Structure formats: structure tokens, C-alpha cells
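Working notes, structure below.
Bear in mind that the values here come from a model prediction, so they are computed numbers and not experimental data. A, B, ... follow the sequence lines: proteins, then strands. Residue 1 opens every chain.
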Amino acid sequence: MSLKPLFHNAIKHALSTMDLSEGDLPNYTIEAPKDPSHGDLSTNIAMVSAKVAKEAPQSIAAKLADALRTQEDLFSEVGVAGPGFINIRFKPSVLHKELKTLADNAETFGRNQAFDGKKIILEFVSANPTGPLTVGHGRNAVLGDTMARLYEWCGATVTREYYFNNAGRQMRMLGESVKARYAQQLGQDAELPEGGYEGEYIGDIAATLIDGHGESLLQEEGEGVFKEAAEKTILEDITRTLDRMQVKMDSFFNEHSLYENKAIYDVVEKLNEKGLVYQKDGAVWFSTSQLGKEKDTVLIKKSGEPTYRLPDIAYHRDKLDRGFDLCVDIFGADHIDTYPDVLRGIDVLGYDPEKIEVLVYQFVTLVKDGKPYKMSTRKANFITLDELMDEVGSDVTRFFFLMRAPSTHLEFDVAQAKEASDKNPVFYLQYAHARIQSVLRKANEELGDKSTELVQWTSLEHEAEFSLMKKLFFFPDVIETAARSKEPHKVITYLQETAQEFTHFYHECRIMGEEPEVMATRAKLADVTATVLKNGLSLLGVTAPNKM
RNA sequence: GCGCCCGUAGCUCAACUGGAUAGAGCAACUGCCUUCUAAGCAGUAGGUUACAGGUUCGAGUCCUGUCGGGCGUACCA
């Protein structure tokens, strides 16, 4: 159902008639040329082999092309061009046959075996429960969830995990902030602590406590009760927000459990056995300088509290102990520095560091009134994901975060996102899908039950029909590439091209009013296109409406 | 200072990971609704891919340097 394997096998066969095998040659690629006039597919095999074969690329290409031409049932055209590209064009009969196979398996079309049988754990969001999720967290959540969907389509079993910490200074500060608001609301003289949380939600939590406990909590010594209440409420809110975005976590991993089960101290011990731990100035150090880093790293502070590095290492060991073949972390650019330390630690502990991969994304630059807007959870001058979804909905929000390559900064113009509902690219895709459904409704009315048996694939012969078909065949390749490179935006780029090809077909080839066979066959092609669009959109977590 | 990421049309971004004449969407301009959804289509215009070298059949993509931006560079989280 993907065209590349057809060509690939043909090349292997051609090589065998020349007494060669792939093993003798460097890796080569098969691609769809940018310019469709060059052919359906193209390979650089002759160019990359020139050195080994001690022969000019054109000469190799010519021989290979001859061998390929003998496979008459496959190709209508085999040519050599430019510096030695071999370009081929498939016979219509081949495309018709592939399309039939696709149509028979449309619902699962796109699924592949790139990660077949792998157990993969994705860690993402992982915001500590100190406040509502903001626009900044959105990119993380959507990237993580979409990667999970991609891996699943590539045959993997995926666990989505949220790693958080309900201990530590920020959480204490949160508790104290709630405590202060609680006292204030009961008319007491209390002040928000220095550096406390100023958001309105703190007051809401305090109010809930008053509803439940009245004034009884004024006697509380510490901030513990308040912290727990805040944590519970905020985590519930976060889950609800994620739910709205179609993000469902499989597990929440509390960093604190690594303290309770002594996992972190075991890590220190194991590292110590390798002679990589020492004490200095009252702190415990990891001798990362022996492992290629410039400086050593503190594992346990003078105060006795571990730094973030230590539980990070213990956490990743825990994941590998749970039997995952691949651990993927979704990180903002600001967290990148912890990653090499974790890998070093994992390596020393005797695990395979290649099982840990990171998707690093650049920051979201929020633009408000044409100017960059600096956000801080603590200062409460943030825009929450909920507020954003109130304005533009979940589909647009997800699509927006996925549109750009993770490695580039994402400019999020709030005003534009709010106002531009009809200019948003997501609607182009949804519109194409809705349009197809509309035509299909009409076609089905006309053809009734007979529509399937009327289909005659050979009746597809228009240029627009062929280019649409060829585009569809690439869907599995795109999913695999997007998953491997961890770049979900490739799916969007592909879907936009597909929708564009469909629209071209739609304007060139009428469905209604044609001969019954043509009508049925074109309707089937449109139907298959709709399914590909729907499959792709579902990977992105975006709906495919039947009407707009 | 050092490390990582980025620099492509006026703006926001692609470019199948080294391939052929660098492409879309906004914005601008010109056409197209008595025919399956005009949230659409066809077309025009817009570029020394920040700059300078290098590697090779071939560079936006790889290596070096320079300039500019972001993020790090904590016994913060």
C-alpha cells in the first residue's frame, strides 16, 4: 500500500540480474521527486555507488535502468536524469491495484510496524501542581500525546506518564499562600509570604476550605493541610484541562516515592561503588568530570536534600526496570542540561543509555498586543490553557502547537488565535473532510447499495486522480518518519498536501452526474481520501467533522 | 566566557534528514459562485537560504569561523 517497497523490491531484483546484492552497496534512498514531472519515485543508488563501483554514476544508472525496464508489469517509464537519478513511473494498473488494497483496509491505513512490539513510555507535561496549566505547558502536552499516538500507530504499546513532585520548596510556598488567603478571608491579619503565589485560584482553594472546615484550620501549625488541599484541587484541575485537550495520562508518578522507597540512596550507593561519588563542603557530589563533563554535579545538598539530578536518575532507572524498550521525555529547552547527567548516571548503573531519548522543544513566545509577553505562574500573569480553549477550542489549540517543528520557536499570537477562526489552517483540513462527506451523502442517495459493486478502478485515469492516489500511498511512510524523527508537524504538512490534492481532484473531476461506474469509483476514491484525512487528524487529536 | 537550539519571501513557517528549478499559508494584486460546501479554486508579485570559507558528483541541510536572537551554564524547581 506504500509505493516505496514496490520500487525497492524491483531494485533488488534488478541487482540480482546483474550479479549484485544490496549488501555490496552503500545505503541509498528512494524518494518522491519534488517535481512530479520527473516521475513517481526516484533513487540515488547510482550516485552513492559510484565510488565503490569505480564507475561513473550515469553508466551505472543506465545499466540498472535497463534491468528495471524488463519488469514490464510494473513500470511505464524508467529514466536516467541529471547526475544519475533513476526515475520511474508506475503503470496505472499497479496504482489501481494498490488503491484497491488501500480501500479494503482504509480504517487502519497508515499503521505500520516501525516500532512493532516495542514498549514505550512517554513522560510529559510533568508540571508540579502549583497552578493551572498555562499556554506554555500546552506545547509539551500536545507534543507528548501526539508522539504517543504516532508510536501506537507504528505498532508500539505506549504508556503516558506524568512525573511530578509534591514535596520541595515551591509546594511549601503554595501551602503557605493558601494558608494566608484562608486567614485573610476569615478576617485575620495575614500576609502572603515573600515570593508566594498570587493567582486567584489560591483564594478559591481557601474558600473551599472554609466551606468544608469553617474556621477550624486557623489553629493549624504548619502549611501541610493547605498544601494537600491545594495539591489535590490543582491536580484535578490539570487532569480536567488535559482531558479537554484529549490528553489522557496512564499514570502519575510521584517523585516523592523515590525517596520513600530509598531508590535515590541506592543510586548514590551504586555510583559510589564505581568510585564516582565523594563528599565535599558537606554535600555529596557525582564525579561527572570523570565522565566527560567539565564540572562535577551535586547530588545531595549540604542541607541533606537531594538536587533534581538524583531523583531524575533514579526515575529513569525505575522506568527501565519496568521493562520499557524506549523512554522518551518531552522537555522544554530550559531542561536540556539535566539530560546528559541522567544518561551518564544510567550508563554507570549498567543500563543502556540509548533507550532514553528526548524530544526538546523550543519555547512558546506568547505575543500579546504585538509584543512578547513574559509569563510566570507565581506572578499569575499567565494565560491558562483553559482560557485559550474557551476562545478557540481544543482542535485549534492542538493544531497550533503541532504545526511547527519542535526545534523552532513557536510564536503564539493570542489575538490572532482568538479571532482568526476562518483563516486557521486546521479548517482547511476539516473543510476538505466535511466536503467529501457531503458529496458522499449525495452519491449514496443516487447509487444506493450498488455503489460498491459498481466500482471499476480502471476508470480512474485523470491526472488529478493519479496524483491524489499517489499522495495517499505515502501516508504510512509519513507516519513512520514523523515518529522516528519525533516531528509530528510532518503529519500536518502531509495532510495539507493531501487536502490540496483532493481539492484539485474535486475541481477537475466531478462525481455527481457521471456514468454510474465513474461516479461510484470516484466516490470511493473520495471516501478513501476522507479516511486518510480522518486517520491523520485523529493522530493529531483533532476532530474530522462531517458537516461544517 | 562556555554549552545547546535557531537564523529561509514583508510576516509565520515547510523543504521527505545530502539531491534535480528552495515551497506553502497569511498580507498585496487579477480573475472565478444558475453545476457535488467560495471556510474554496486559478493566476501575478515577492529570495545572494544572516555572512565568509571548507568538505563532494551535489549544501538551506555536514565542518570551521563571524554576526544576530533564544535557553541554559545553581548546593533553584
Side-chain angles (χ1 to χ4, degrees), chain A residues 29-35 37-38 42-44 46-48 50-51 56-58 81-85 87 128 130 165 168-171 173 280-285 293-295 297-308 332-340 360-363 365 367 372 403-413 416 420-432 434-443 446 474 477-478 481-482 484-485 487 489-490 492-494 496-497 500 503-504 506-514 519 522-523 526 547-548:
Chain A
T29 59
I30 295 174
E31 303 183 335
K34 276 180 210 160
D35 184 347
S37 72
H38 288 132
S42 161
T43 181
N44 64 354
M47 281 123 77
V48 297
K51 211 166 248 176
Q58 280 89 351
F85 289 105
N87 299 325
N128 282 342
T130 56
N165 182 13
R169 216 190 70 192
Q170 290 308 318
M171 289 301 291
M173 192 62 80
K280 194 180 100 186
D281 303 331
V284 177
W285 293 72
K293 197 186 172 185
E294 286 169 37
K295 287 190 279 186
T297 310
V298 173
L299 290 177
I300 302 177
K301 300 182 228 172
K302 190 159 50 181
S303 64
E305 271 183 309
T307 63
Y308 248 46
D334 55 338
H335 282 68
I336 184 61
D337 269 8
T338 68
Y339 170 62
V360 177
Y361 62 91
Q362 296 300 311
F363 272 31
T365 322
V367 177
M403 240 178 352
R404 267 88 224 223
S407 64
T408 67
H409 288 93
L410 173 64
E411 189 159 305
F412 203 119
D413 190 323
Q416 189 189 350
S421 54
D422 63 327
K423 286 171 188 163
N424 201 299
V426 69
F427 291 103
Y428 183 80
L429 295 181
Q430 295 183 318
Y431 183 66
R435 202 182 223 180
I436 294 171
Q437 297 306 332
S438 169
V439 187
L440 289 179
R441 281 190 292 272
K442 287 200 163 65
E446 188 100 3
F474 281 108
D477 299 314
V478 170
T481 308
R484 285 194 194 282
S485 63
E487 293 175 319
H489 73 283
K490 288 184 190 299
I492 289 186
T493 310
Y494 168 80
Q496 276 167 340
E497 289 165 0
Q500 217 161 355
T503 312
H504 178 59
Y506 178 84
H507 286 276
E508 292 291 323
C509 306
R510 286 193 61 79
I511 293 173
M512 300 306 293
E514 300 287 332
M519 200 195 297
R522 285 183 175 167
K547 275 183 190 169
M548 281 177 80

For A:Asp35 and B:rA20, give me the distance from atom CG to atom P, rounded to whole Å.
10 Å
Any stacking of A:His38 on B:rA20, going by centres under 5.5 angstrom and planes within less than 30 degrees?
yes
Nearest of B:rC41, B:rG19, B:rC36 to any side-chain atom of A:Lys442?
B:rC36
Assign A:Tyr494 to base, sugar-phosphate, or nothing according to its heavy-atom contacts below 4.0 angstrom with the strands shown.
nothing
Whether A:Lys295 contacts B:rC2 is assessed here as follows: a side-chain N or O lying under 4.0 Å from the phosphate OP1 or OP2. Is that the case?
no
A:Thr408 side-chain N/O to B:rA14 phosphate OP1/OP2 under 4.0 Å
yes
Nearest-Å distance, CZ (A:Arg484) to P (B:rC16)?
17 Å
Select base, sugar-phosphate, or nothing to describe what A:Asn128 touches, counting heavy atoms under 4.0 Å on all strands.
sugar-phosphate
Whole-Å gap separating P (B:rC4) and CZ (A:Phe363)
18 Å
Using the C1' atom in both, what is the distance from B:rA28 to B:rA45, to the nearest Å?
8 Å
Can you find a pair of side-chain heavy atoms, one from A:Ser438 and one from A:Lys547, that are under 4.5 Å apart?
no
If you measure from the C1' atom in B:rA20 to the same atom in B:rU12, how many Å do you get, rounded?
28 Å
If you look at every strand shown and take non-hydrogen atoms under 4.0 Å, does A:Glu497 touch a base, only sugar-phosphate, or nothing?
nothing
Interatomic distance where NE2 belongs to A:His507 and P belongs to B:rC36 [whole Å]:
11 Å
Base of B:rU8 relative to its sugar, syn (within 90° of 0) or anti?
anti
What nucleotide among B:rC57, B:rC4, B:rC5 has an atom nearest to a side-chain atom of A:Lys51?
B:rC57
Counting only Watson-Crick or G-U wobble pairs whose two distances fall under 3.5 Å, which nucleotide matches B:rG72?
B:rC2
Between A:Met548 (CE) and B:rU37 (P), how many Å, whole number?
14 Å
By the 4.0 Å heavy-atom rule, please label A:Pro83 as base, sugar-phosphate, or nothing.
base
Tell me the interatomic distance from A:Met47, atom CE, to B:rC57, atom P, rounded to whole angstroms.
11 Å
Provide the distance between the two P atoms, one in B:rA52 and one in B:rU48, to the nearest whole Å.
12 Å
Using OP1 and OP2 only, check whether a side-chain N or O of A:His335 sits under 4.0 Å from B:rC71.
no
Among the nucleotides B:rG19, B:rC16, B:rC75, which one has an atom lying closest to any side-chain atom of A:Thr307?
B:rC75
May I ask you to evaluate whether A:Tyr428 reaches the phosphate of B:rC41, defined as a side-chain N or O under 4.0 Å from OP1 or OP2?
yes
Comparing A:Thr29 and A:Glu411 on RNA chain B - which has the more 5′ nearest nucleotide
A:Glu411
Considering every strand shown, what is the Watson-Crick or G-U wobble mate of B:rG40 when both distances are under 3.5 Å?
B:rC32
Check the pair A:Glu305, A:Arg169 against side-chain contact (heavy atoms from CB on, under 4.5 Å), reporting the backbone distance first and the verdict last.
CA-CA 11 Å; A:Glu305 271 183 309; A:Arg169 216 190 70 192; over 6 Å; no
Just call it for A:Asp337: base, sugar-phosphate, or nothing, with non-hydrogen atoms closer than 4.0 Å on any strand.
sugar-phosphate
Quote, to the nearest angstrom, the P distance that separates B:rG58 from B:rC6.
26 Å
Please pick, from B:rA42, B:rU17, B:rC6, the nucleotide with the shortest atom-to-atom distance to any side-chain atom of A:Ser407.
B:rC6
How many whole angstroms separate atom CD of A:Gln496 from atom C1' of B:rG40?
15 Å
Just name whichever nucleotide pairs with B:rU17, Watson-Crick or G-U, keeping both distances under 3.5 Å, else none.
none
If you check the A:Gln500 side chain, which of B:rA20, B:rG25, B:rC13 turns out closest?
B:rG25
Who pairs with B:rC67 - Watson-Crick or G-U, where each distance is under 3.5 Å:
B:rG7
Give one of base, sugar-phosphate or nothing for A:Ala283, where a contact means two heavy atoms less than 4.0 Å apart.
base
From the candidates B:rG19, B:rC13, B:rC5, the one with an atom nearest any side-chain atom of A:Arg404 is B:rC13
Apply the syn/anti split at 90° from 0 to B:rC16 and say which one it is.
anti
Answer for the Watson-Crick or wobble partner of B:rG47, both distances under 3.5 Å, is none
From the candidates B:rC36, B:rG19, B:rA20, the one with an atom nearest any side-chain atom of A:Ala81 is B:rA20
Would A:Gln362 and A:Leu410 count as a side-chain contact (heavy atoms from CB on, under 4.5 Å) if you check the C-alpha gap in whole Å, the side-chain angles of each, and the deciding distance to 0.1 Å?
CA-CA 7 Å; A:Gln362 296 300 311; A:Leu410 173 64; over 6 Å; no
A:Lys293 side chain N/O closer than 4.0 Å to the phosphate oxygens (OP1, OP2) of B:rG3?
no
Donor-acceptor pair present, A:Ser42 side chain and B:rA20 base, under 3.5 Å:
yes
Within the structure shown, what part of the strands sits under 4.0 Å from A:Ala432 by heavy-atom distance: base, sugar-phosphate, or nothing?
nothing
B:rA22 -> Watson-Crick or G-U wobble partner, both distances under 3.5 Å, gives none
Gap in Å between the two P atoms, one belonging to B:rC13 and one to B:rC57, rounded:
37 Å
Say you pick atom P in B:rG25 and the same atom in B:rA14; how far apart are they, in whole Å?
16 Å
Partner nucleotide, any strand, of B:rC62 [Watson-Crick/G-U, under 3.5 Å]
B:rG54
Using the C1' atoms only, state how far B:rA22 lies from B:rG68, rounded to an integer number of Å.
23 Å
Among B:rC16, B:rA14, B:rG70, which is the nearest nucleotide to the side chain of A:His409?
B:rG70
Distance below 4.0 Å between A:Lys301 side-chain N/O and B:rA77 OP1 or OP2:
yes
I would like to know whether A:Asp35 and A:Ser37 meet side-chain hydrogen bond (donor to acceptor under 3.5 Å, both in side chains); could you show each step before the answer?
CA-CA 5 Å; A:Asp35 184 347; A:Ser37 72; 2.9 Å; yes
The side chain of A:Arg441 lies closest to which of these nucleotides: B:rU37, B:rA24, B:rC16?
B:rU37
P atoms of B:rA24 and B:rC62, separation to the nearest Å
24 Å
ring centroid sep under 5.5 Å plus plane angle under 30, A:Tyr431 with B:rA39:
no
Would you mind telling me which of B:rG40, B:rC71, B:rC76 lies closest to the side-chain atoms of A:Arg169?
B:rC76
Go nucleotide by nucleotide along RNA chain B from the 5' end; which of A:Ser303 and A:Glu487 gets its closest nucleotide reached first?
A:Glu487
Between B:rU17 atom C1' and A:His489 atom NE2, what is the distance in whole Å?
11 Å
Check whether A:Ser42 reaches the backbone of A:Pro33 with its side chain - one donor and one acceptor, N or O, closer than 3.5 Å.
no
Quick one: does A:Asp334 reach the base of B:rA77 with a side-chain donor-acceptor pair under 3.5 Å?
no
Have a look at A:Ala434 and say if it touches a base, only the backbone sugar-phosphate, or nothing, with a 4.0 Å heavy-atom cut-off.
base
